[in-house]
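Please read the structure below before turning to the comments.
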Amino acid sequence: MNKFVHPLVAIVFISACFALFPVGSRAADDKLLPPEVLSGTEHLLSLVGSANGAKFQPERIAGLMDFVTRKKKDGEIFSAGSANGFSSSYNEVDVRTRLVDVLKYSFNPAIPWFATSPASLRSTAWKQTEKPWPQLPRLWELFGAGDSPVMIRGVETVENTPDLSTGGYYRYDLHRTLILFTNGARRIVISISKQADVSDVGRKGYIIGNDDDWTYFYSGEPGLSVTGLGWVKSYMYDSAGLSVYTEAGPDAGLVRIANFKWLRAGWSNINMVQNDHIYQGLVRFARAFKEILESPRLPAVKTMEEDCLKIAGLSDTAMRDQMESYRRLLAEHGEKLNGGARKHLPEAFWSESYWEGLNREEMQSLLVLEILKGHLGKSPAGGRGSVFVPSSQPPQQGG
């Protein structure tokens, strides 16, 4: 039997927004997800994994879909219980946009998935697509191709942003299954993930200023940046997750995103995660995702695609030149915070070897994030206009 029989975990590409440092929990106030929801997640989680030939049965998630689409009481918080040593939580957010636009921005092979999850993910890379698909398809083009559900399976590598409590960030592989189907008048996309193996050791990350600014520094040093835990060798031991994207109706202009997450992470093989830590991570993702997709300054899909292509085409030398500019602006930004840059930026920041050691993926992800922030009117690290690769056309809404 699948070991995630009762666990529900994680939203599409953010399975590590958690806190390892126990700072209190809402567990006593959590409501257990109804049995029909847990049964639905058991079926969905059975569909993910390498060379998995299991078939999707829409009727088995009817109770889950009813739960996702119904109105909840204010303040209700749900979890899946604590079976198998996992912590869990659930969150949902309504975004005023079309499902097709969610897919064009967030599941676009030409736009890195982390671009719409900047508070949760540092980088994402789709590494493998299982047959019959030669590569990750353009999902929005698959609706209307027939009445049968469409399934895409593959593997991706993700790295998350610094945790709110500990500053730790982690890199790991995920098996992911994507399902597209219709339920009455609703078009639905479900993303299911399972962690492939234990993550790399947690490393010290830093949130520079307000987390809503999405400005982070990744030191590369093992440990946690919270005081007293710098020595800790922490890991994400296991996770699995699913996200449900459902529209209110054909071209209704409203999409509900329901995120379930189970997680086991910590050190010395002890799970330090509490339900409330996961819940806060899910809220963190939802807040940024909603801000981006509802922004009147969100650039056209074509603009984002061209920007990402332009960044990917930069030489290593050009990228390192951009890193020098970013480093200077980040230091200036840090000086404006209480205590100045020396308090908010670790020693690694001042090391030439650190900046020289950044690889293309790390530089590219930062440039994509900064150009998106420029489009949205969020000041880059220095509080001035973006110094990064100029966009090919002015911001305009929609795809």
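These values consider heavy atoms only, across backbone and side chains, with no hydrogens, waters or symmetry-generated copies. Treat the numbers as computed from the prediction; the structure is a model and nothing was measured.
- Within the 3.5 Å criterion, the main-chain N or O of Lys204 finds a donor-acceptor partner in the side chain of Ser219.
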Item to complete: Give the intermediate values and the outcome of side-chain contact (heavy atoms from CB on, under 4.5 Å) for residues Ser234 and Tyr170.
Response: CA-CA 9 Å; Ser234 62; Tyr170 304 82; 2.6 Å; yes
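- Using bins of under 30°, 30° to 60° and over 60° for the plane-to-plane angle, the ring pair Tyr245/Phe107 lands in the perpendicular bin.
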Practice prompt. Could you walk me through whether Met272 and Trp267 pass side-chain contact (heavy atoms from CB on, under 4.5 Å), step by step?
Written response: CA-CA 8 Å; Met272 298 292 182; Trp267 52 90; 3.6 Å; yes
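- Cation-pi geometry between Arg342 and Trp350 is satisfied (NZ or CZ under 6.0 Å from the ring centre, within 45° of the ring normal).
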Item to complete: Check the pair Phe143, Val189 against side-chain contact (heavy atoms from CB on, under 4.5 Å), reporting the backbone distance first and the verdict last.
Response: CA-CA 10 Å; Phe143 280 116; Val189 176; 3.9 Å; yes
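- When atom types are taken as modelled, the side chain of His344 and the backbone of Asn338 share a donor-acceptor pair closer than 3.5 angstrom.
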All N/O donor-acceptor pairs, side-chain side in residues 355-369, below 3.5 Å, sequence neighbours left out:
from   : atom 1 : to     : atom 2 : distance (Å)
Trp355 : NE1    : Phe349 : O      : 2.8
Asn359 : OD1    : Glu361 : N      : 3.1
Asn359 : OD1    : Glu362 : N      : 2.8
Arg360 : NH1    : Leu314 : O      : 2.9
Arg360 : NH1    : Asp316 : OD1    : 2.6
Arg360 : NH2    : Ala312 : O      : 2.9
Arg360 : NH2    : Leu314 : O      : 3.0
Glu361 : OE1    : Arg171 : NH2    : 3.2
Glu361 : OE2    : Ser123 : OG     : 3.2
Glu361 : OE2    : Arg171 : NH1    : 2.8
Glu361 : OE2    : Arg171 : NH2    : 3.4
Glu362 : OE1    : Asn359 : N      : 2.9
Ser365 : OG     : Glu361 : O      : 3.3
Ser365 : OG     : Glu362 : O      : 3.0

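- Between the side chain of Ser87 and the main chain of Val273, a donor-acceptor pair closer than 3.5 Å is present.
- Remark: His175 pairs with Val48, Ser50, Val155, Ala196 by the side-chain contact (heavy atoms from CB on, under 4.5 Å) rule, at least two apart or across chains.
- For Lys127, the salt bridge (Lys or Arg N to Asp or Glu O under 4.0 Å) partners are Asp173, not counting sequence neighbours.
- One distance of note links OG of Ser88 with CG of Asn275; it measures 5.0 Å at 0.5 Å rounding.
- The minimum heavy-atom distance between Ala115 and Ile111, with the atom names listed, is CB-CG2, 4.0 Å.
- In this structure, the side-chain contact (heavy atoms from CB on, under 4.5 Å) partners of Leu44, at least two apart in sequence or on a different chain, are Leu47, Phe56, Ile61, Leu64, Ile179, Ile190, Ile192, Leu242.
- Listed here is the closest heavy atom pair of Ser295 and Leu376: OG-CD2, 3.6 Å.
- A donor-acceptor contact closer than 3.5 angstrom is absent between the side chains of Asn269 and Tyr235.
- Taking the six-membered ring where the residue is Trp, Trp113 and Trp126 present tilted rings, their angle falling between 30° and 60°.
- Taking the charged nitrogens against the carboxylate oxygens, Glu324 and Arg327 do have a contact shorter than 4.0 Å, which makes a salt bridge.
- Checked by atom type and distance alone, the side chain of Asn271 pairs as donor or acceptor with a backbone atom of Ala265 at under 3.5 Å.
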Worksheet item: Is there a side-chain contact (heavy atoms from CB on, under 4.5 Å) between Thr246 and Thr69 once you walk through the steps?
Response: CA-CA 8 Å; Thr246 179; Thr69 56; 4.2 Å; yes
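- Checking side-chain atoms of Thr129 against main-chain N and O of Leu136 turns up a donor-acceptor pair under 3.5 Å.
- In summary, the side chains of Thr317 and Ser315 do not present any donor paired with an acceptor at a separation below 3.5 Å, with no hydrogens or angles considered.
- Of the inter-residue distances, the one linking Phe181 atom CZ with Arg186 atom CZ reads 11.0 Å to the nearest 0.5 angstrom.
- Because its NZ or CZ atom is both nearer than 6.0 Å to the ring centre of Tyr218 and within 45° of the ring axis, Arg122 counts as a cation-pi partner of that residue.
- Nearest heavy atom pair, residue Phe289 against residue Ser106, reads CE1-OG, 3.2 Å.
- Judged by distance alone, with hydrogens and angles left aside, the side-chain atoms of Arg203 form a donor-acceptor pair with the main-chain N or O of Gly220 at under 3.5 Å.
- To the nearest 0.5 Å, the span separating CD1 on Ile188 from CD on Glu247 amounts to 8.5 Å.
- A donor-acceptor distance shorter than 3.5 angstrom exists from the side chain of Trp133 to the backbone of Met151, with no hydrogens or angles considered.
- Minimum interatomic distance between Thr97 and Val255 (heavy atoms only, all atoms of both residues): O-CG2, 3.5 Å.
- For residues 55-74, the pairs satisfying salt bridge (charged side-chain N to carboxylate O under 4.0 Å, His left out) are Lys72-Glu92, with sequence neighbours left out.
- No donor-acceptor pair closer than 3.5 Å links the side chain of Arg176 to the backbone N or O of Glu156.
- One finds no salt bridge joining Lys310 and Glu306 here, because no Lys/Arg side-chain nitrogen approaches an Asp/Glu carboxylate oxygen to under 4.0 Å.
- Cluster membership check: Leu254 does not share its hydrophobic cluster with Ile292, using side-chain heavy-atom separations under 4.5 Å among Ile, Leu, Val, Met, Phe, Trp and Tyr.
- In this structure, the side-chain contact (heavy atoms from CB on, under 4.5 Å) partners of Glu291, at least two apart in sequence or on a different chain, are Trp214, Lys378.
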Discussion item. One pair to check against side-chain hydrogen bond (donor to acceptor under 3.5 Å, both in side chains): Arg284 and Ser120. What are the steps and the verdict?
Written reply: CA-CA 7 Å; Arg284 186 189 193 192; Ser120 306; 5.7 Å; no
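- Using a 4.5 Å cut-off between side-chain heavy atoms of Ile, Leu, Val, Met, Phe, Trp and Tyr, with links allowed through other members, Ile270 and Leu263 fall into the same hydrophobic cluster.
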